[in-house]
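To start, the structure under review is shown below, and the notes come after it.
Indexing begins at 1, ligand by ligand and atom by atom, following the structure's order. Residues: numbered from 1 along the sequence shown.
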Amino acid sequence: MTVKILRSRVLSFDRAPQGPQDGDAFTYIEDGALLLRDGVIAARGAYLDISRQEPAAEIIDHRPHLLMPGFIDPHLHFPQVQVIASWGEQLLDWLSDYTFPEEMRFSDPEHAARMATAFFDLLTAHGTTTAVAYCSAHKTSAEAFFTEAARRNMCMAGGKVMMDRNAPDGLVDEAQSSHDDSAALIEAWHGKGRLRYAITPRFAITSSPAQLEAAGALAQAHPDCFVQTHLSENKNEIAETLRLFPDAPDYIGVYEMHGLLGPKALLGHCIHLESREIDVLAETGSHPVFCPTSNLFLGSGLFDDAGLRARGIGNAIATDIGGGTSYSMLQTLNEGYKVLQLQRQQMHPYTAFHWITRGNAEVMGMADRIGTLDVGSDADIVVLNSAATPAMALRAERIETLAEELFLLMILGDDRAVVQTYVAGVAMKAAG
Ligand code: GUN
Ligand code: ZN
């Protein structure tokens, strides 16, 4: 049995903050400690109490840093690690000029395995311990993704992309083969250790009606799998979707008709929605995923967080690598803050840090295991240094409150602020 105590300042959200003054939404312990036993948080409290409780435990002193739940990134593309930072295009040209050619390379198991190693190294370097990822259309890419995630004992969801049209030959599958490959991957990986499967029709443009029907059948047969796709990211994308599906009332109607919506559905972007589409999101309990760095980089548009929340819709926030430009959930908050500023909406740091931890976990229906530092949760933990760079250290000198510190971390922080990342209690970075 492995028992260790992490000592430092401890922060974990108990519920969504209601506003800047809502200090009751979280637990904060100044000289705190977490007792980790076999990858699970066995106790949390004041350091003196915890150390008395377990006097023989190894003590890792992270003072003066901040211990938080590991970050959750619920929308990104594993085969786009070498697409990130590709110049000049908006969505549809960016896909055909940069993304599809790169994703073709993931038919090679060796390439997929090398990229999987790099991908998970990058995630933990940036403090991300759970993600929901798109693999390529090749079954091999999903095999590489799950094999490497399992080796690291990470809580990861992913799925082979289903795409049977409007893409190059080396990348498209067929309705039946995509169904059968996805079903085999679910059988092999879903629920194995900390892994979950996400049924992944890429988006309406690259799936025939027959393939969307196959995806819907999978969703019905496996109601505890996620369903992930893209919705209303770009105006040309929307026009092309409506041209391809003339019988659909609107873009979301395509997914609705094929039984793909519901509380397990994670819908990337959701920027240019019609009012009926918002009604459908609310009625089905589907979840939009805000991807700010991607939405700015691809010039897609501004996500209306407050408008959707006012309808009771639960939004996630994510990087969308490689349309997104940073693996850091801190930098994702930074850009998200600015996207909301442009719409006179405010993202308070309490809301922001709740969002990338418990908030995203709730959207995934997994807040009992990840996204908090509650007793019984998996010990996925990030250790943050608010004075990690000269600019941060200088600004930190003038900080008086936790909210100010969190805001500094989300505006100036990135992987340099991540001192250590624990995955199920195991340190993933060499120094700590
Ligand atoms: N829509 C369909 N595929 C993609 C993708 O890979 N990235 C983004 N941002 N949007 C998409
Ligand atoms: Zn995406």
Using the six-membered ring wherever Trp is involved, compare the ring planes of His258 and Phe245 and label them parallel, tilted or perpendicular (cut-offs 30° and 60°).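 His258 vs Phe245 ring planes: perpendicular.
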For the Zn ion (ligand 2): the N/O/S atom of His77 at shortest distance: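 Restricting His77 to its N, O and S atoms, the minimum distance to the Zn ion (ligand 2) goes to NE2.
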Taking the N/O/S atoms of Asp320 one by one, which is nearest to the Zn ion (ligand 2)?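 Minimum-distance N/O/S atom of Asp320 relative to the Zn ion (ligand 2) is OD1.
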Has the side chain of [X] got a donor or acceptor atom that lies under 3.5 Å from a matching backbone atom of [Y]?
| X | Y | value |
| --- | --- | --- |
| Thr357 | Thr372 | no |
| Tyr327 | Ala125 | no |
| Asn360 | Ile72 | yes |
| Ser86 | Val83 | yes |

Considering only heavy atoms, does [X] approach ligand 1 within less than 4.0 Å through its side chain, its backbone, both, or neither?
| X | result |
| --- | --- |
| Asp320 | side chain |
| Glu237 | neither |
| Ile205 | neither |

Look at [atom] and say which protein heavy atom is nearest, naming residue and atom and giving the distance to 0.1 Å.
| atom | result |
| --- | --- |
| atom 7 (N) of ligand 1 | Trp94 CZ3, 3.5 Å |
| atom 10 (N) of ligand 1 | Glu233 OE1, 2.7 Å |
| atom 6 (O) of ligand 1 | Arg202 NH2, 2.7 Å |

Pull out every atom of ligand 1 sitting under 4.0 Å from any heavy atom of Leu91, numbered as shown with elements.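 Numbered from 1, ligand 1 contributes 8 (C), 10 (N), 11 (C).
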Using a strict cut-off of 4.0 Å, indicate which atoms of ligand 1 neighbour a heavy atom of His269.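 Here the atoms of ligand 1 in question are 9 (N).
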Applying the side chain to side chain donor-acceptor pair (under 3.5 Å) test to Arg152, which of Thr124, Thr117, Asp121 qualifies?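 One option only clears the test, and that one is Asp121.
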Give a yes or no on whether His269 keeps an N, O or S atom under 2.8 Å from the Zn ion (ligand 2).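 Under 2.8 Å: His269 has no N, O or S contact with the Zn ion (ligand 2).
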Decide whether Glu405 and Ser386 meet the rule of one side-chain donor and one side-chain acceptor closer than 3.5 Å.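 Side chains of Glu405 and Ser386: pair found under 3.5 Å.
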Do ligand 1 and Gln80 have nitrogen or oxygen atoms that lie under 3.5 Å from each other?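 Yes, Gln80 has an N/O under 3.5 Å of an N/O on ligand 1.
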Distance to the ring centre below 6.0 angstrom and angle to the axis at most 45 degrees; does that hold for Arg309 and Trp355?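 Yes, a cation-pi geometry holds between Arg309 and Trp355.
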